[in-house]
Amino acid sequence: MAKVDCDLSVSTVPTSPIAGQKPGTSGLRKKTKEFMSENYLANFVQSVFNTLIEMKTPVQGGTLVVSGDGRFWNPEAIQIIIKMAFAAGVSRVWCGTGGLLSTPALSAVIRARGKGFESFGGFICSASHNPGGINDDYGIKYNCENGGPSPEKMTDLMVEWTAKIAEYKICDKIPDLDLSKPITYDLGDGKSVEVFDCVEDHLAVLKTCFDFDSIRGLISHPDFSMTYDCMSGVQGPYAIKIVEGELGAAAGSCKNAVPLPDFGGPESAWHGHADPNLTYAVELVRDMGLNKEGLPIASDKPIPKFGAAADGDADRNMILSSQFFVSPSDSLAMIVANSDLIPQFKDGLKGCARSMPTSGALDIVAKKKGIECFEVPTGWKFFGNLMDSGTHYFPDKKTYTPFICGEESFGTGADHVREKDGMWAVLAWLQILAKKTEKSGKLVTCEDVANEHWKEYGRNYYARYDYEGVDKAKSEEMMKMMSDKAGSLAGQEFGGMKMKTNDIFEYVDPVDGSVSKNQGIRYIFEDGSRIIFRLSGTGVAGATVRLYLEKYEAADGSLNQHQFEVVKPLAAIALELSQLQTYTGRETPTVIT
Ligand code: VG1
Ligand code: CO
């Protein structure tokens, strides 16, 4: 314990509301310079504390976690939040070493560090996959005492506070603390800051989910080799310690494993976009012998048997085997289909869920296995209640855990934490491959699992088109035009396909009854094909239109086509339905995954 002599007096700083402080799909994201401008961060953080106090959260005397993904300006922001936390009455602040905690690790810390559920919540200083740097993006999200993202009713209150804030409180005389190594600072008056190894709690939780010995067996198999691209985000320390350290992968298996404030910046092959997909994970995709369409290309180096990547805050995952890309919607369905090979689910899986735009591959597995399956709006916060159902939060509701859920946007996870978990997804796949390899005697790859899966369940060909940086007003007009036609197109033919329904997705939470309207435009055809439109809620400039395309091919159909080719006719129909080109001037997407 290091004693720090300091003045804990609270300063009250007058401020006034700043427009636009509204969290989107996952936290508040803005240009870094905007976040750095006077009172911007403080206004939002104080609004969160005011919300918590209004909601009777035990802030007074409580423990708060504060850390982030290592991006530019995090060191400064974390010191500010620590000083504001003490002013709000917090007694103890928990930080990962270097101010680092991946999003799933922060969730694990809230749920499992110490005796478990010791903290009332935590701030994650991250804009996830958005690039970091003085000219790029900054973000902050608040997670609750269950370890999950704040639900909408809470973010609504935060927004109300940002619109009426008049002052914030800060213990501005506390000196900046060195967070680089584990240490406990005693600030006096019962207040302390504990810095602990950023990996230990997450690792401990993951050890309860998987059979590490069996994964070690796979990794030491003579035919196995792997690479994990951390994209200079926060996953580096986790990957090195878990994959190379605990599981014995060869040194150097984890690439770009030093977290950088700009995730590699413009000079990196991925231009600082720590976003694991075919477009941005350039190095991994090439090393795995693929091009950005996911098609095999010649390689002058031996191609690893397994490949993975993570995003800036390490909640996302991309999974590949040699010259083979596993689409995230398929990955989710395949993990669920093989969940009996994962110790975490040894007593059976009780529930699963996907976000609405995620393909229906999961539903087919759930139906066949008799597992309850839910469709929620985009964003991890919507999975939380399903996982908490039947616990002390909702004691009278049905229990759906053990539970697996995921999104098409490279997010997969389970109820061991309340966030999507990039490392968990990698270990889930390694566990499945390990058990299948043990059984068959020869190395089983992701491609083998996928081929076997499609032969049993059929294949949901899938792609997402992103139109980034389009005009916001125009794209809103386009969405309105489509919304106005909801319910009116049934029975009509488009490109030889008959429309079954067209609607605006609305979600009624089956656990607490809360309603979320306007969660995307859906066109569903008679043959089960779907076209979905949404506007992104994570961008910071202009708008991003997301177009999701899905076509189902039954198990006795043609299962080895290229997904991007199969959905092309649907894309043509989507352009017709949306008049995207007329509204936005765009026809060609910026990113296809
Ligand atoms: C995107 C994804 C969504 C994901 C969200 C946060 O949101 O589509 O599925 O939950 O990012 O992921 P949007 O609103 O831009 O489509 V992360 O890893 O950026 O926190
Ligand atoms: Co993320």
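Indexing begins at 1, ligand by ligand and atom by atom, following the structure's order. By convention here, the first residue in the shown sequence is residue 1. Computed from a predicted model, the values in this text were never measured in an experiment.
Remark: Lys31 engages Asp137 in a salt bridge, criterion side-chain N to carboxylate O under 4.0 Å. A salt bridge between Lys255 and Glu283 is absent, with no side-chain N of the basic residue lying under 4.0 Å from a carboxylate O of the acidic one. The pair Glu200-Arg113 meets the salt-bridge criterion, with a side-chain N (NZ, NE, NH1 or NH2) lying under 4.0 Å from an Asp/Glu carboxylate O. Classification of Glu375 and Arg354 as a salt-bridged pair holds, one side-chain N sitting under 4.0 Å from a carboxylate O.
For ligand 1, the atoms sitting less than 4.0 Å from at least one non-hydrogen atom of Arg29 are 17 (V), 19 (O), 20 (O), numbered in the order shown with element in parentheses. For ligand 1, the atoms lying closer than 4.0 Å to a non-hydrogen atom of Arg464 are 8 (O). Short contacts between ligand 1 and Lys141, defined as distances under 4.0 Å to a heavy atom of the residue, involve ligand atoms 20 (O). Counting the atoms of ligand 1 from 1 in the order shown, those under 4.0 Å from a heavy atom of Arg534 are 13 (P), 14 (O), 16 (O). Of all atoms in ligand 1, numbered sequentially from 1 with element shown, those under 4.0 Å from a heavy atom of Thr378 are 3 (C), 8 (O), 9 (O). Residue-ligand proximity, Gly537 to ligand 1, at heavy-atom distances under 4.0 Å covers atoms 13 (P), 14 (O), 15 (O). Applying the 4.0 Å criterion to heavy atoms of Arg546 picks out, from ligand 1, the atoms 8 (O), 13 (P), 15 (O), 16 (O). Near Ser26, the atoms of ligand 1 lying under 4.0 angstrom from a non-hydrogen atom of the residue are 6 (C), 20 (O).
Using a 4.0 angstrom heavy-atom cutoff, Gly379 counts as in contact with ligand 1. Residue-ligand proximity: Glu419 is placed with every non-hydrogen atom at 4.0 Å or more from ligand 1.
Protein heavy atom in closest approach to atom 1 (C) of ligand 1: Arg316 NH2, 3.7 Å. Remark: minimum distance from atom 12 (O) of ligand 1 to any protein heavy atom is reached at Lys420 NZ, 2.8 Å. When only non-hydrogen protein atoms are considered, atom 18 (O) of ligand 1 lies nearest to Ser128 OG, 2.6 Å. Protein heavy atom closest to atom 7 (O) of ligand 1, with residue, atom name and distance, is Thr538 CG2, 3.5 Å. When hydrogens are left out, the protein atom nearest atom 10 (O) of ligand 1 is Glu407 OE1, 2.7 Å; that is the closest non-hydrogen contact.
Residue contacts with ligand 1 for Ser409 involve side-chain atoms from C-beta outward but no N, CA, C or O (heavy atoms, distance under 4.0 Å). Here Met356 has no heavy atoms under 4.0 Å from ligand 1, in either its backbone or its side chain. Only side-chain heavy atoms of Asp311 come within less than 4.0 Å of ligand 1; its backbone N, CA, C and O stay farther off. Heavy atoms of Asp315 found under 4.0 angstrom from ligand 1 belong exclusively to the side chain.
Atom NZ of Lys474 sits in a sparse spot, with 12 or fewer heavy atoms from other residues, nucleotides or ligands closer than 6.0 Å.
For the pair Arg522 and Asp503, the minimum side-chain heavy-atom distance is below 4.5 Å. Residues Val566 and Arg459 have side chains not in contact (no heavy-atom distance under 4.5 Å, counting atoms from C-beta outward).
For the residue pair Asn135/Lys33, the side-chain donor-acceptor check at 3.5 Å is satisfied. Between the side chains of Thr538 and Asn130, no donor N or O sits under 3.5 Å from an acceptor N or O. There is a side-chain donor-acceptor pair under 3.5 Å between Asn143 and Glu419. In this structure, a donor-acceptor pair under 3.5 Å is present between the side chains of Ser331 and Trp429.
Phe49 and Phe123 have their aromatic ring centers within a separation under 6.0 angstrom.
Inclusion of Ser126 in the first shell of the Co ion (ligand 2) is not supported: no N, O or S atom falls under 2.8 Å.
With the Co ion (ligand 2) as the vertex, atom OD1 of Asp315 and atom OD1 of Asp313 span an angle of 80° (nearest 10 degrees).
Polar contact check, Thr25 against ligand 1: a nitrogen or oxygen pair lies under 3.5 Å apart.
Of the candidates Arg71, Lys420, Lys141, Arg29, Lys141 is the only one forming a salt bridge (Lys or Arg N to Asp or Glu O under 4.0 Å) with Asp313. Evaluated for a side chain to side chain contact (heavy atoms under 4.5 Å, CB included) with Tyr393, the options Asp388, Val511, Asp512 yield exactly one hit, Asp388.
Counting just the N/O/S atoms of Asp311, the one with the shortest distance to the Co ion (ligand 2) is named OD2.
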